[in-house]
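Encoded as structure tokens, the structure appears first; notes follow it.
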Amino acid sequence: MNRTPAFLTILLLSGAIFLTNCSYPRVNVAPATLTPTRTPETEVIPTDTAPPPFATAELGLAENPLILALPPSASSPEQIAAAKVIASLFTERTGYTVVTVIPDSHTALVEALEQGNAHIVLLDPYAYELAYRNGSVKAVYGVLKDGEAMYGAQFVATRKGGFQSYYDEVTEENTAGAEVALAQFADKKPCWSDEASPSGYVIPLGFLNENQVITKPAAFVEGHPTVVRSLYANGICDFGATYIDARKFPSLEDEFPDLAEQVIVVWRIPDIIPYEILAFSSNMPEGMRELFTNQIAAIMQTDNGRLAFSTAYGIEELQVVNDGFYEEFRIYVDESGVDLSTLIK
């Protein structure tokens, strides 16, 4: 029996009833009014002390509850209350006891998953990948932003630097492969956003490494617009990488009206960088994971459930995924050579 670690604060424990068996590729969140669910029959008073061990208790019973983890940044009473609503809805619909907790950090959350002390979690891409590598998590839903579960990046440089663009602005398609487009960056100096940025450093570095493009030591300039500004200023670096399309950042367009002409997109990285991932612990039996997958879809079709997920996690829309959905992201994180454990806090 795993114990809830002391760095997690227990907020709710509840009991309840049944299941539905249907699946939905996407789930939308619309504004609604959050109303209280029924009062749970069993409640654990908030405490930092781990509950006593129950070595033989089946996962999901009151003695060994499923743990719904809030984001480490969760602090508002509204978020905590919304998580309690989600836990109560899960309990009512599945018959399994669910308790909500707030981890101290993303690192603590990954460790809790590995130790069997977290079961239903929302992870950023790096935390998900680290947990996936240690075999402690299964991806279930991808969070959508503007209808998409992933986003891309772009390599940028200046016309006066003599670089050739292999991206068609009209068709929004690359006109050559990465091996051709990126070869011109050999022995050139990159400007990266920051050491944790997927689109401004890690994934672009992965593409350079995969294509054996060796560059000069990089400058980390702290921010995607700053990468563009550094290129426009000339002399700071030769090329860089940003989200799509950082050149149109309002203050940059106002300050440099000709920026889009001078700073060109050399090549675009496809949409392989995920937003957040809603995942389950690998310790949950397959049938239990399937049950909760279906219940998330069903709950988010209700006003109360939609608002609860929006308030607790900022989730507006979800898409059904699996671990294979993130394989390309995984490949280029590996190619980057960056230590994942340094990217989460």
Side-chain angles (χ1 to χ4, degrees), residues 125 129 142 144-194 197-216 218-219 221 223-232 234 236-249 252-253 256 258-275 319 321 324-338:
E129 182 59 24
L144 302 187
K145 302 288 178 68
D146 298 322
E148 301 295 335
M150 298 190 187
Y151 62 99
Q154 60 188 20
F155 286 96
V156 288
T158 61
R159 289 189 187 280
K160 22 184 171 177
F163 295 100
Q164 181 176 347
S165 173
Y166 290 92
Y167 176 74
D168 189 321
E169 298 270 4
V170 176
T171 63
E172 298 185 341
E173 293 181 352
N174 293 320
T175 58
E179 69 281 2
V180 173
L182 305 186
Q184 59 190 315
F185 295 145
D187 203 34
K188 303 297 182 181
K189 181 175 181 173
C191 266
W192 302 129
S193 172
D194 62 84
S197 174
S199 59
Y201 174 52
V202 176
I203 298 304
L205 179 61
F207 271 85
L208 291 175
N209 289 348
E210 184 194 46
N211 291 281
Q212 301 179 354
V213 177
I214 300 174
T215 69
K216 291 181 178 179
V221 296
H224 295 254
T226 311
V227 171
V228 178
R229 185 186 297 274
S230 299
L231 289 170
Y232 187 89
N234 213 9
I236 298 174
C237 48
D238 299 305
F239 73 97
T242 70
Y243 63 75
I244 301 170
D245 185 353
R247 298 178 303 164
K248 297 180 180 179
F249 192 74
L252 289 176
E253 287 190 312
F256 309 114
D258 66 338
L259 186 143
E261 289 297 318
Q262 298 302 322
V263 179
I264 59 173
V265 176
V266 173
W267 197 78
R268 275 199 175 168
I269 294 172
D271 294 349
I272 65 169
I273 304 170
Y275 294 108
Q319 177 178 312
V321 298
F325 188 70
Y326 302 107
E327 186 59 29
E328 281 192 278
F329 174 72
R330 189 167 295 125
I331 288 170
Y332 289 102
V333 168
D334 284 343
E335 288 287 349
S336 75
V338 175

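Within the 4.5 Å cutoff, no side-chain heavy atoms of K188 are placed close to those of T215. You'll find the side chain of Y166 stays beyond 4.5 Å of the side chain of N174, heavy atoms only. When side chains are defined from C-beta on, F256 does not count as touching Q262, because their heavy atoms never get closer than 4.5 Å. Looking only at side-chain heavy atoms (C-beta outward), Y232 and D258 come within less than 4.5 Å of each other. Contact check for F249 versus V228: no side-chain heavy atoms found under the 4.5 Å cut-off.
Within 6.0 Å of CD in Q212 there are 12 or fewer heavy atoms belonging to other residues, nucleotides or ligands.
Here L231 contributes atom CG and R159 contributes atom CZ; the two are 13.5 Å apart, rounded to the nearest 0.5 Å. For the atom pair CG of L252 and NZ of K248, the computed distance is 13.0 Å after rounding to the nearest 0.5 Å. Taken to the nearest 0.5 Å, the CH2 atom of W192 stands 11.0 Å off from the OG1 atom of T242. Taking CD1 of I273 as the reference point, atom CD of E328 lies at 11.0 Å (rounded to 0.5 Å). Rounding to the nearest 0.5 angstrom, the gap separating the CG atom in D238 from the OG1 atom in T158 is 8.0 Å.
Between the side chain of H224 and the main chain of Y243, a donor-acceptor pair closer than 3.5 Å is present. Under a 3.5 Å cut-off, the side chain of D245 and the backbone N or O of R247 do form a donor-acceptor pair.
Taking all atoms of both residues into account, the shortest heavy-atom contact from A153 to S199 is CB-O, 3.6 Å. Here the closest heavy-atom approach between residue S197 and residue G200 is recorded as OG-N, 2.8 Å. When every heavy atom of I236 is checked against every heavy atom of C191, the shortest pair comes out as CG2-SG, 4.0 Å. The two residues A157 and F185 make their nearest non-hydrogen contact at CB-CE2, 4.4 Å. The two residues V321 and G142 have their closest heavy-atom pair at CG2-N, 3.5 Å. Counting all heavy atoms, side chain and backbone alike, Y326 lies closest to P274 at CE2-CB, 3.3 Å.
For the 3.5 Å distance criterion, the side chains of Y332 and E210 qualify, holding a donor opposite an acceptor.
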Please lay out, stage by stage, how I203 and S336 fare under the test side-chain contact (heavy atoms from CB on, under 4.5 Å).
CA-CA 7 Å; I203 298 304; S336 75; over 6 Å; no
Mind running side-chain contact (heavy atoms from CB on, under 4.5 Å) on F325 and Q319 for me, showing each step along the way?
CA-CA 11 Å; F325 188 70; Q319 177 178 312; 3.7 Å; yes
Which side-chain N or O atoms in residues 263-272 pair as donor and acceptor under 3.5 Å with protein atoms at least two apart or in another chain?
unit_1: W267; atom_1: NE1; unit_2: A176; atom_2: O; d: 2.8
unit_1: R268; atom_1: NE; unit_2: Q154; atom_2: OE1; d: 3.4
unit_1: R268; atom_1: NH1; unit_2: Y167; atom_2: OH; d: 2.8
unit_1: R268; atom_1: NH2; unit_2: Q154; atom_2: OE1; d: 3.4
unit_1: D271; atom_1: OD1; unit_2: G152; atom_2: N; d: 3.0

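The aromatic rings of F155 and F239 sit tilted, their planes meeting at an angle between 30° and 60°.
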